[in-house]
Every structure is written in structure tokens, then in C-alpha cells.
Amino acid sequence: MIDLHTHTFFSDGTMVPAELIRRAETKGLRGIALTDHADPSNLELILERLVPAIKELNRHHRIVALAGVELTHVPPKLIASLAERARSLGAQVVVVHGETIVEPVEPGTNQAAIEARVDVLAHPGLLTLEQARLAARNGVLLELSARQGHCLANGLVARLAREAGARLVVDSDAHASRDLIDRATAEKVALGAGVRQEELAALFANADRFLAGVAGL
Ligand SMILES: [Zn+2]
Ligand SMILES: [Zn+2]
């Protein structure tokens with residue numbers, strides 16, 4: 001299991017990165033991306049601290065941690081430039097906080113994230129088929145969320161991804177240790193969203209491939 005969307009106390013999570021990574025390792029995860037909520041005010045702050053810390057911590061764990069951010073409630077017109085800034089600051093994973101149906105995320109956020117070719121569009125909410133097709137072309141991973149509220153549109157996201165040939169990932173969006181999920185739970189989240197048993201292996205291979213590409217494994 002590889003989780004590409006989690007939070008530490010660099011935003012609204014409860015754990016320092018070291019604890020989150022350790023707890024993920026004990027859950028049996030092979031990889032975890034630390035993706036705190038970011039906007040123009042704190043992008044540098046997070047990545048200047050996180051990137052060197054991750055490098056240091058990774059020398060002492062089997063699990064591979066990745067430094068990232070989740071661009072959150074950023075006006076759609078700023079998403080592409082902020083994603084680029086994140087990468088230039090060393091972000092290995094750029095997640096965008098998509099148009100979840102439980103928050104007033106600005107319409108156009110999903111489209112801007114997909115056009116900007118970010119790595120993961122988190123909890124996309126009421127995604128369209130055209131957007132799923134563009135995500136497939138642009139290599140943007142669409143997220144099935146294990147998080148309460150954000151998970152409400154998982155069924156739609158799974159159906160559109162199948163129809164469009166877009167790739168899915170299952171993420172915890174963990175803010176506290178109890179939110180972390182193991183592979184068995186992630187499989188249930190996927191199956192509950194309508195992913196078929198025979199599609200599971202390919203689904204989880206998406207995150208494997210991402211980690212391999214980023215971490216050079
Ligand atoms: Zn989010
Ligand atoms: Zn999140």
C-alpha cells in the first residue's frame with residue numbers, strides 16, 4: 001500500500017512527519033507522501049522544512065516517504081504556477097484539493113489541476129467524463145478518498161475513470177494516526193466505490209509505478 005495524501009502538523013494534522021512515517025510503516029505501507037495543505041502563504045515554509053527532513057528520515061526507514069503539498073482552496077488561475085513553484089522547491093508529489101461535495105471549493109479547480117498536470121487530483125467530487133478523459137491524457141491520478149465526506153463521490157470517480165481510462169489511487173487523507181489505512185481497508189474503499197475485484201491489482205499498481213518513478217526505485 002502506498003498512500004499519496006496525508007497531513008502532518010505543518011498544516012492541520014496531529015503528527016510530526018517522523019511519527020506519521022513510523023505509524024505508516026507499522027501499518028505495512030511501502031510508501032507515503034506527506035502532502036500538507038498549502039497556498040501562496042506557506043508553500044515555501046512547508047517544503048523548505050519537509051524536503052531535507054524527508055531525505056534524512058528516509059535513511060532510517062524501510063518505508064519510502066515523499067515530500068509533497070496539497071494545494072488547497074487556491075484560486076484555479078493560480079494552481080499551475082503554484083504547482084510549478086512546489087516542484088522547484090523539491091516537492092515530489094503535488095496534490096490538488098479537488099471539488100469535494102462537502103466544501104465550497106471553487107468551481108474550475110478540478111479542470112485547472114488536470115490542465116496543470118499535477119500528480120493527484122484528490123477527492124474530485126462531481127468530476128465530468130471530459131475531465132476524466134483529460135486526466136487520462138495528462139497522467140493525473142484520480143483519487144478515491146477514504147476520508148469521511150470526501151468519499152461521497154468515490155462511486156462517480158471510479159465509474160468515470162473506468163470509462164475514460166484514467167488511473168485511480170486510494171488515499172487515506174490521514175490527519176491523525178487512526179485515519180491511516182492498510183491495503184485491506186484500501187481494497188474495501190475501492191470495491192465500495194464500484195471498482196471490480198479483477199481491477200484491484202491494476203489500481204494499486206498505479207501508486208507503485210508513481211513511487212518507482214519519483215523515488216527511482
Ligand atoms: Zn483535500
Ligand atoms: Zn488532504
Side-chain angles (χ1 to χ4, degrees), residues 1-17 19-21 23-24 27 29 31-43 45-47 49-50 54 65-76 78-80 82-83 86 91-114 116-127 131 135 140-158 161 168-181 185-186 189-190 193 207 210:
M1 171 70 189
I2 294 162
D3 194 339
L4 295 178
H5 181 179
T6 66
H7 298 275
T8 75
F9 75 0
F10 274 99
S11 60
D12 56 350
T14 59
M15 292 172 278
V16 290
E19 181 178 356
L20 175 58
I21 293 166
R23 285 185 180 271
K27 276 263 176 197
L29 272 66
I32 183 168
L34 279 54
T35 56
D36 275 301
H37 297 292
D39 73 0
S41 73
N42 67 347
L43 190 79
L45 187 83
I46 292 171
L47 289 169
R49 295 291 176 144
L50 194 59
I54 292 273
L66 301 175
V69 284
E70 180 182 17
L71 303 179
T72 304
H73 286 276
V74 168
L78 295 182
I79 285 176
L82 214 55
Q92 297 165 294
V93 185
V94 177
V95 177
V96 163
H97 183 87
E99 294 175 44
T100 171
I101 64 173
V102 295
E103 287 178 25
V105 177
E106 191 171 334
T109 296
N110 287 348
Q111 185 72 25
I114 294 167
R117 297 171 190 262
V118 301
D119 299 307
V120 179
L121 176 57
H123 44 69
L126 303 183
L127 195 70
Q131 288 168 339
V140 176
L141 298 165
L142 300 177
E143 181 188 78
L144 301 179
S145 179
R147 192 154 181 82
Q148 191 177 9
H150 294 337
C151 65
L152 290 170
N154 281 353
L156 173 67
V157 174
L168 292 169
V169 289
V170 178
D171 294 327
S172 71
D173 201 353
H175 287 65
S177 60
R178 65 176 176 277
D179 301 331
L180 285 167
I181 56 170
T185 304
V189 171
F210 181 84

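Positions are given from 1 along the sequence. One-based numbering, in listed order, for ligands and for the atoms of each.
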Work out which heavy atom in L50 is nearest to a heavy atom in G68; give both atom names and the distance.
-> CD2-O, 3.8 Å

Which protein N, O or S atoms lie under 2.8 Å from the Zn ion (ligand 2)?
-> H5 NE2, H7 NE2, E70 OE1, D173 OD1

Is a side-chain donor-acceptor pair under 3.5 Å present for S145 with D173?
-> no

Exercise: do D36 and T8 side chains pair donor with acceptor under 3.5 Å | yes

Assess whether side-chain hydrogen bond (donor to acceptor under 3.5 Å, both in side chains) is satisfied between H175 and D12, documenting all intermediate values.
-> CA-CA 7 Å; H175 287 65; D12 56 350; 3.2 Å; yes

List for me each residue that meets side-chain hydrogen bond (donor to acceptor under 3.5 Å, both in side chains) alongside S177, sequence neighbours excluded, and say none if there are none.
-> none

Check the side chains of E143 and H150 for a donor-acceptor pair under 3.5 angstrom, ignoring hydrogens and angles.
-> no

